A.B. asks: 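I have a structure here, written as structure tokens, and I will follow up with some questions on it.
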Amino acid sequence: MSDLLSRRHCLQLLVAGAAGACARLYAAPVSGPRFLLVFLRGGYDATNMLIPYSSSFYYEARPTIAIARPDPAVSSGALALDSNWALAPALRDSIGILYQQRQAAFVPFAGTPDLSRSHFETQDSIELGQPPTGARDYRSGFLGRLHTVLTGASSDGVTAIAFTDALPLSFRGPDPIPNISLRSVGKPPFDDRQMRILSAMYAGHPLEPAVTSGLELRRQVAQAMQQLSDEMRTSSRDALSIKGFELEAERMARLMRDSYRIAFVDVGGWDTHVNEGAAQGALASNLTGLGRGLSVFAQSLGAEWKNTVVVVLSEFGRTFRENGNHGTDHGHGSVYWVLGGAISGGRIAGAQQPLERANLFQDRDYPVLNDYRAILGDLFRSMWGLTSGQCTQIFPQTTPTRLDLV
């Protein structure tokens, strides 16, 4: 019983956003736009993902971690995207294929005006999506506001979910949004006896409906994911599968295909201060897993991939120069990824400038020329046909930048 009681606070956090979610879990919405935000926590090094190979300063600034220029004779090297940019070899066989199919695009010089270079400060700034000046309202995240706008404008119900241990800041708001981590849903979190005890504990309590709904949500998702795991083991004859994000990506795709329109997931491990590596190494390994996972996600969505937009972003980029530990430190501007089966991809979008020393921000970082709120606002406007007023509700004091990606 003491172990059960120790879970009580976690359960309260779960059910606070899960009320009513069970009734929606397997009620597949009408085919329509779906949006997934992938947040790379730690500040990924965009400069070694989208390589500015036409910049001689890139090679001067990164004597040990720069990735070699594309060479047509090297089939495993960087993939040239145009005369200025190339894709890291780690993504060549995953995101590179989507790019060639015009299902992937990149927006360099993207980010937030936040200059703290603090992981937590900048992550909060992005997830809130509020004007850079003035007091922050931690009760209102931009995905929560998007959900409110869409549920007010749609009659078929726009469902949302966070694939996280706790509800992310971006989904905070008046609407009940479920969150559930898919890393540990192979079995229900509580057995039948524990569920009876928990139900009795909350009998007559104002939280009773939310507790009941939350427990049922976890039970149903656990059951569905166990079935998926059994199918995967059978089809692969018990061979080891690619772990981590790749496994989670297939699970997310199944739930988004059948039940949810808006989703959030975060992926950690992107803080590369030491021994970052170049074409191979720590960053390349992370990019390989992420790229494969996103490819699995796209394939697993099936026909709904054509209705789906995925945005990959991070709290900030990293220093343009490598440091003394063959890594990179906290920076400013970054590169955003936009993926989807029906996007106008195969291009580098947004405002750009040559990456030369004179153009660095504070002589150290990628500058921000494309505000993230304007980028996302344009995507939401195009995906759901939002009015200017609705866009302003989601991102106050922001005018969407027309990128024509959707």
Side-chain angles (χ1 to χ4, degrees), residues 40-96 99 106-111 115 117 119 122 268-291 312-337 348 350-370:
L40 308 183
R41 297 197 188 274
Y44 93 103
D45 183 23
T47 311
N48 265 18
M49 185 284 296
L50 187 66
I51 305 156
Y53 73 92
S54 65
S55 168
S56 60
F57 183 59
Y58 165 74
Y59 293 96
E60 294 172 19
R62 299 185 168 214
T64 70
I65 67 170
I67 295 177
R69 291 182 173 88
D71 183 345
V74 180
S75 61
S76 60
L79 175 66
L81 304 181
D82 62 18
S83 59
N84 296 309
W85 304 98
L87 190 64
L91 294 171
R92 184 183 184 110
D93 296 330
S94 55
I95 307 303
Y99 187 92
F106 299 100
V107 185
F109 304 101
L115 297 178
R117 295 191 177 88
H119 290 302
T122 315
W270 301 92
D271 204 11
T272 50
H273 289 285
V274 178
N275 296 328
E276 177 179 314
Q280 297 180 337
L283 177 65
S285 295
N286 278 358
L287 289 173
T288 298
L290 178 65
V312 180
L313 55 76
S314 196
E315 63 261 39
F316 44 60
R318 304 192 74 83
T319 48
F320 198 75
R321 298 178 181 84
E322 68 176 82
N323 60 28
N325 294 315
H326 307 296
T328 50
D329 299 319
H330 300 178
H332 188 43
S334 185
V335 177
Y336 289 8
W337 315 10
I348 313 299
Q352 302 172 43
Q353 64 184 26
L355 276 170
E356 302 169 352
R357 179 172 181 176
N359 290 333
L360 294 186
F361 177 74
Q362 297 182 349
D363 193 35
R364 53 169 281 160
D365 300 326
Y366 237 110
V368 170
L369 306 180
N370 301 292

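All heavy atoms count here, side chains included; hydrogens, waters and symmetry mates do not. Keep in mind that what you see is a predicted model, and the values were worked out from it rather than measured.
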A.B. asks: So, does Asn325 use its side chain to make a donor-acceptor pair with the main chain of Gly327 at under 3.5 Å?
C.D. replies: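 Here the side-chain-to-backbone pair does not exist.
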A.B. asks: I need the single residue from Asp45, Asn323, Thr272 that forms a side-chain hydrogen bond (donor to acceptor under 3.5 Å, both in side chains) with Arg318. Which is it?
C.D. replies: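 Among Asp45, Asn323, Thr272, the one that satisfies the side-chain hydrogen bond (donor to acceptor under 3.5 Å, both in side chains) with Arg318 is Thr272.
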A.B. asks: Determine whether Leu283 and Ile65 make a side-chain contact, defined as any pair of heavy atoms from C-beta on separated by less than 4.5 Å.
C.D. replies: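 Sidechains of Ile65 and Leu283: no contact.
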A.B. asks: For Thr64 and Glu322, does a side-chain donor sit closer than 3.5 Å to a side-chain acceptor?
C.D. replies: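 Glu322 and Thr64 do have a side-chain donor-acceptor pair below 3.5 Å.
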A.B. asks: Quick check: do Asn84 and Pro52 have side-chain heavy atoms less than 4.5 Å from each other?
C.D. replies: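 Heavy-atom side-chain distance check fails, nothing below 4.5 Å.
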A.B. asks: For Gln280, I'd like to know if atom CD has over 12 heavy atoms of other residues, nucleotides or ligands within 6.0 Å.
C.D. replies: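 Check fails, neighbour count at 12 or below.
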A.B. asks: Taking Arg62 for the side chain and Ala278 for the main chain, is one N or O donor matched with an acceptor at less than 3.5 Å?
C.D. replies: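 Answer holds: no.
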A.B. asks: Check whether any side-chain heavy atom of Thr328 lies under 4.5 Å from a side-chain heavy atom of Thr47, and answer yes or no.
C.D. replies: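 They are not in side-chain contact.
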A.B. asks: Could you pull out the closest heavy-atom pair between Ile67 and Ala78, with the gap in Å?
C.D. replies: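 Distance-wise, the nearest heavy atoms are CG2-CB, 4.3 Å.
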A.B. asks: Between Tyr44 and Val335, which heavy-atom pair has the shortest distance, and what is it?
C.D. replies: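 The answer is OH-O, 2.5 Å.
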A.B. asks: If you define the side chain from C-beta out and look only at heavy atoms, does anything of Leu290 sit under 4.5 Å from Leu40?
C.D. replies: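 They are in contact (side-chain heavy atoms under 4.5 Å apart), so the answer is yes.
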A.B. asks: In Å and rounded to the nearest 0.5 Å, what is the CG to CH2 distance from Leu313 to Trp337?
C.D. replies: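 Reported value, rounded in 0.5 Å steps: 11.0 Å.
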A.B. asks: Could you check His119, Arg117, Arg41 and say which one makes a side-chain hydrogen bond (donor to acceptor under 3.5 Å, both in side chains) with Glu315?
C.D. replies: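 Of His119, Arg117, Arg41, side-chain hydrogen bond (donor to acceptor under 3.5 Å, both in side chains) with Glu315 is met by His119 alone.
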A.B. asks: When the ring planes of Tyr366 and Phe320 are compared, do they come out parallel, tilted or perpendicular, using 30° and 60° as the limits?
C.D. replies: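 Ring orientation of Tyr366 relative to Phe320: perpendicular.
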A.B. asks: Under the 3.5 angstrom rule, does the side chain of Asn370 hit a backbone N or O of Pro108 as a donor-acceptor pair?
C.D. replies: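 Looks like yes, one N/O pair under 3.5 Å.
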A.B. asks: Any Lys/Arg nitrogen of Arg321 or Asp329 sitting under 4.0 Å from an Asp/Glu carboxylate oxygen of the other?
C.D. replies: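 Looking at Asp329 together with Arg321, the answer is no, because their closest N to O distance does not fall below 4.0 Å.
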